[in-house]
Number of protein chains: 2
Amino acid sequence: MSEQLLELLNGAGVRLTGPRRELAALISKRGGHFTAADLVADAAKRRLGIGRATVFRFLDLLTEQGVMEHVDLPDGRHAYVPCEPTHHHHLVCTRCGSVSEVEDCGIDSVTAEAARRSGFEIQSHRLELFGRCPKCQKVKR
Amino acid sequence: MSEQLLELLNGAGVRLTGPRRELAALISKRGGHFTAADLVADAAKRRLGIGRATVFRFLDLLTEQGVMEHVDLPDGRHAYVPCEPTHHHHLVCTRCGSVSEVEDCGIDSVTAEAARRSGFEIQSHRLELFGRCPKCQKVKR
DNA sequence: ACCACATATGAGACCCAGTCTCATATAGCA
DNA sequence: TGCTATATGAGACTGGGTCTCATATGTGGT
């Protein structure tokens with residue numbers, strides 16, 4: 001799983017450094033979303049000596065490569081989520097934090113309709129869905 | 001326009017204080033979105049002696065009342081936008097910053113489809129559309 | 001019109017996420 | 001193996017937002 005990340009970076013003209021390997025492993029060990037602070041804490045816990053700046057730089061790098069994205073949780077916190085480098089939307093479980101991806105599910109007709117009504121020329125959009133994943137639906141509320 | 005805000009607050013068991021009246025006026029004077037820093041600067045420019053904390057508290061208050069919302073601009077900046085207290089989505093002009101609202105444009109079928117495919121039970125969603133408003137489309141790029 | 005008191009305020013310290021700088025280290029090619 | 005562009009860590013810095021606490025003020029009851 002973290003090999004995928006490294007492989008991708010390899011093909012993108014970036015160096016495969018020690019810190020990057022370690023961070024890739026930490027990220028893949030966390031399923032779902034996490035905050036930058038989580039990752040910094042993970043690294044600190046293992047005494048890897050990785051600086052905050054390096055963590056943020058790595059997250060930026062992954063984001064540029066399209067395998068990481070920002071999500072704003074319903075409570076306003078910022079999270080990062082690993083994902084496929086194609087256009088898609090996120091389904092975030094508000095209980096366990098896991099994230100699924102859905103491809104376009106007919107959103108184009110929605111944006112077209114919004115454009116028609118408003119006169120806007122729509123360039124991009126952001127859709128985030130929050131709810132309970134199948135596993136968490138089974139847990140009593 | 002700012003009367004609407006004040007009227008609403010009046011009915012919500014909050015006090016109509018001087019600073020709140022002034023902030024309501026400043027907000028209604030700005031169409032579209034603005035950042036908290038903008039509002040702080042507006043107040044400072046008029047030497048109203050309003051503290052930062054008061055500005056943020058007022059924005060929170062309006063958000064609780066549903067007449068103000070957070071929007072994350074495509075460039076990552078945080079903005080506040082005044083809006084109707086019903087469920088809707090925002091169309092943000094990336095050139096002039098104006099904001100329009102659109103009501104549900106068939107998004108329910110999209111969320112239903114996403115739920116079907118993923119097994120998630122969807123509780124809420126957030127959709128933001130970015131583009132050019134009718135006025136800005138006429139300006140040469 | 002006044003009072004009492006809950007609620008709101010301003011000032012500034014504080015916190016957290018993220019960025020920048022710069023001297024040092026290192027991946028990866030020749 | 002050695003060279004050099006690229007990446008790193010430390011820590012200062014920024015910007016958005018929160019907290020505290022002593023003071024001020026709106027408002028309901030008289």
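The chains referred to below are lettered A, B, ... by the order of the sequence lines, with proteins before strands, and numbering in each begins at 1. Keep in mind it's a predicted model, so treat the numbers as computed, not measured.
- One atom, CD1 of A:Ile50, and another, C1' of C:dA25, lie 15 Å apart when rounded to the nearest Å.
- Residue contacts for B:Ala53: at a heavy-atom cut-off of 4.0 Å it reaches a base atom on one of the strands shown.
- With rounding to whole Å, B:Glu22 atom CD is found 9 Å from C:dG10 atom P.
- Between A:Tyr80 and C:dA17, a side-chain N or O to OP1/OP2 separation shorter than 4.0 Å is absent.
- Atom NE2 of A:His78 and atom C1' of D:dG16 are 10 Å apart (whole Å).
- A side chain to side chain donor-acceptor pair (under 3.5 Å) with A:His89 holds for exactly one of A:Arg126, A:His125, A:Glu128; it is A:His125.
- Between the side chain of B:Arg15 and the base of D:dT27, no donor-acceptor pair of N or O atoms lies under 3.5 Å.
- Between the CZ atom of B:Arg52 and the P atom of D:dT14 there is a distance of 14 Å, rounded to whole Å.
- Of the candidates D:dG17, D:dG9, C:dG10, the closest approach to any side-chain atom of A:Pro19 belongs to D:dG9.
- In this structure, CG of A:Leu9 is placed 14 Å from C1' of C:dA27, rounded to the nearest angstrom.
- Comparing D:dG16, D:dT27, D:dT8 by their nearest atom to the side chain of B:Leu16 picks out D:dT27.
- For B:Phe56, whose side chain is taken as the heavy atoms from C-beta onward, the closest listed nucleotide among D:dT18, C:dA17, C:dT9 is D:dT18.
- Considering only the side chain of A:Thr17, C:dA27 comes nearest among C:dG18, D:dG17, C:dA27.
- Between the CZ atom of B:Phe58 and the P atom of C:dA8 there is a distance of 12 Å, rounded to whole Å.
- Checked by distance alone, A:Arg57 brings a side-chain donor or acceptor within 3.5 Å of a matching partner on the base of D:dG9.
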Full working for salt bridge (charged side-chain N to carboxylate O under 4.0 Å, His left out) between B:Asp42 and B:Lys29: CA-CA 10 Å; B:Asp42 283 358; B:Lys29 206 158 290 171; over 6 Å; no

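- Between A:Arg21 atom CZ and D:dT8 atom C1' there is a gap of 15 Å when expressed in whole angstrom units.
- Here the side chain of A:Gln137 pairs a donor or acceptor atom with the backbone of A:Arg132 at under 3.5 angstrom.
- Between A:His70 and A:His78, the angle of the ring planes goes over 60°, which puts this pair in the perpendicular group of the 30/60° scheme.
- Between the CZ atom of A:Phe34 and the C1' atom of C:dA17 there is a distance of 14 Å, rounded to whole Å.
- Mapped onto DNA chain D by nearest heavy atom, A:Val14 and B:Thr35 fall at different nucleotides, with A:Val14 at the one closer to the 5' end.
- Atom CZ of residue A:Phe56 and atom CG of residue A:Leu61 lie 14.5 Å apart, to the nearest 0.5 angstrom.
- When distances are taken from the side chain of A:Arg20 to each of C:dT9, D:dA7, C:dA8, the shortest belongs to D:dA7.
- For B:Ala37 and B:Asn10, each mapped to the nucleotide of DNA chain D holding its nearest heavy atom, the one lying further toward the 5' end belongs to B:Ala37.
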